[in-house]
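Worksheet: one structure, shown below.
The analysis underlying the following values was restricted to heavy atoms, covering all of them including side chains, and did not include hydrogens, waters or symmetry mates. FYI, the numbering just counts along the sequence from 1.
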Amino acid sequence: MSGRSRLVARLFWTSVLGGGCALWFGQPGAIGAGLAFAGVVLHHLDRPRRLRRLIRRIARPHAPTLALRRRQECFIDAYGNLISDGWERERTYFAERTVVPQLEARGRGGEIDGAWDDILAIIDRVADAVQLPDESEAPEEGIAYERYCAGRLREAGWNARATQASGDQGADIVAEQAGIRLVVQCKRYGRPVGNGAVQEIAAAMRYWSADRAAVVSNAGFTPAARKLAAATGVLLLHHDALAEMQPAPLASPAGAKRRGVRPSPSALAER
């Protein structure tokens, strides 16, 4: 039943029951019926506001991740234009995969099409509300950025060192903790990182006999990079996630558990 049909049904039965009360109780019954009729109408008129409040409640737990993804997926091109295509795709993905299912589960599915612009605007505002760390803290020069990322890993308890510029076989950092070896490639970019970096670090993981591999960047990652990372098990991370990186058990194909790496919740947005 559509929202309009439900309203008509409620008004009809309110009128029927209110009319009976008015006949039975006289003026007090008529006043009560009028108030009930007005309450139904006001409740219906307030429905869009309540829907927006529900959307905000769904989106807010993901606010840090949304803010980080927007920062990563927006960049300035060579002509000085702000390119936000990646964020627009990410915002739509979040709306379709996270917001819409929860609205449907709460019986608000019939209102989604009419509220789509509101959904996207609310996601933008939720991301806006988060104050991210100053990106300028991360060095722009390549070797300095690698050392910065190694320092972030050491904050999380890793024994991390930057490799030599030559002979690193694609790994800029090798880090170890609790018997786990992690290899990392660092990319300080002004645009999304492509799948070449994923290919290189996947090869470096085998060369260094590492348990896990990651590409770390201040920027986002292209769809091709994400697809390849999902197939190879490479983590795609923002450098802010490194300070929270911890070893974690991973299931092997045989069902036994081996040790791996547990990224922070915000880092999982890249997967």
Side-chain angles (χ1 to χ4, degrees), residues 62-78 81-98 123-124 127 130 132-142 145-146 148-150 152-153 156 168-173 175 182-206 210-245 248 250 260-271:
H62 306 278
T65 299
L66 289 169
L68 179 59
R69 297 295 294 124
R70 188 173 66 168
R71 171 187 277 182
Q72 292 177 312
E73 295 296 343
C74 296
F75 64 96
I76 304 296
D77 69 9
N81 301 309
L82 175 63
I83 306 301
S84 58
D85 300 26
W87 165 244
E88 291 170 8
R89 288 193 299 269
E90 184 75 18
R91 183 182 59 181
T92 299
Y93 177 87
F94 176 77
E96 291 175 346
R97 296 299 184 92
T98 302
I123 294 172
D124 272 327
V130 177
L132 293 173
D134 187 357
E135 195 74 349
S136 64
E137 294 178 1
E140 294 188 7
E141 193 270 327
Y145 183 62
E146 293 168 12
Y148 172 81
C149 291
R152 301 286 288 180
L153 280 169
D168 61 13
Q169 300 297 324
D172 297 320
I173 297 171
L182 168 70
V183 289
V184 179
Q185 184 169 124
C186 306
K187 296 293 185 184
R188 182 67 157 95
Y189 277 10
R191 63 185 186 279
V193 178
N195 63 354
V198 179
Q199 293 171 346
E200 291 174 5
I201 199 63
M205 182 171 67
R206 293 189 292 271
D211 299 286
R212 291 305 301 266
V215 179
V216 176
S217 178
N218 63 302
F221 298 88
T222 65
R226 293 187 201 175
K227 184 176 181 180
L228 183 59
T232 57
V234 171
L235 297 171
L236 303 180
L237 309 174
H238 186 270
H239 55 247
D240 286 339
L242 296 177
E244 302 173 10
M245 185 81 70
L250 294 172
V261 173
R262 180 188 292 118
S264 67
S266 61
L268 293 174
E270 296 302 337
R271 294 306 307 276

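- Taking CG of Asn195 as the reference point, atom CD of Glu200 lies at 10.0 Å (rounded to 0.5 Å).
- Partners of Tyr148 by ring-ring contact (aromatic ring centres under 6.0 Å, His included), not counting sequence neighbours, listed by chain and number: His239.
- Summarising the geometry of Val183 relative to Ala204, their closest heavy-atom pair is CG2-C, 4.4 Å, with the distance given to 0.1 Å.
- You'll find the side chain of Leu66 stays beyond 4.5 Å of the side chain of Val130, heavy atoms only.
- Under the 3.5 Å distance criterion, the side-chain polar atoms of Asp172 are matched with a main-chain donor or acceptor of Cys186.
- Of the inter-residue distances, the one linking Arg206 atom CZ with Ile201 atom CD1 reads 11.0 Å to the nearest 0.5 angstrom.
- The shortest non-hydrogen separation linking Ala175 to Leu153 is CB-CD1, 4.0 Å.
- To the nearest 0.5 Å, the span separating CG on Leu68 from CD on Glu73 amounts to 9.5 Å.
- Rounding to the nearest 0.5 angstrom, the gap separating the CD atom in Glu88 from the CG atom in Asp124 is 9.0 Å.
- Panel note: side chain Asp211, backbone Leu182; no donor-acceptor pair is recorded below 3.5 Å.
- Phe94 does not carry Arg91 over the face of its six-membered ring by the limits of under 6.0 Å from the centre and within 45° of the normal.
- Remark: side-chain polar atoms of Ser84 are not paired, donor with acceptor, to backbone N or O of Trp87 under 3.5 angstrom.
- Distance check: Gln185 CD to Met205 CE gives 13.5 Å after rounding to the nearest 0.5 Å.
- Of all heavy-atom pairs between Ala156 and Met245, the closest is CB-O, 3.4 Å.
- Exactly one residue among Leu235, Leu237, Leu236 makes a side chain to side chain contact (heavy atoms under 4.5 Å, CB included) with Val215. That residue is Leu236.
- We find that Arg152 and Asp240 are joined by a salt bridge, their nearest charged nitrogen and carboxylate oxygen being less than 4.0 Å apart.
- Here the side chain of Thr222 pairs no donor or acceptor atom with the backbone of Pro192 at under 3.5 angstrom.
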Practice item. Evaluate side-chain contact (heavy atoms from CB on, under 4.5 Å) for Arg71 paired with Asn218, printing each intermediate quantity in order. Key: CA-CA 9 Å; Arg71 171 187 277 182; Asn218 63 302; over 6 Å; no
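- Of all non-hydrogen atoms in Ser217 and Val193, the two that sit nearest each other are OG-CG2, 3.5 Å.
- Nearest heavy-atom pair across Cys149 and Ile173 is CB-CD1, 3.6 Å.
- Residues Arg191 and Ala219 come closest through the heavy atom pair O-CB, 3.2 Å.
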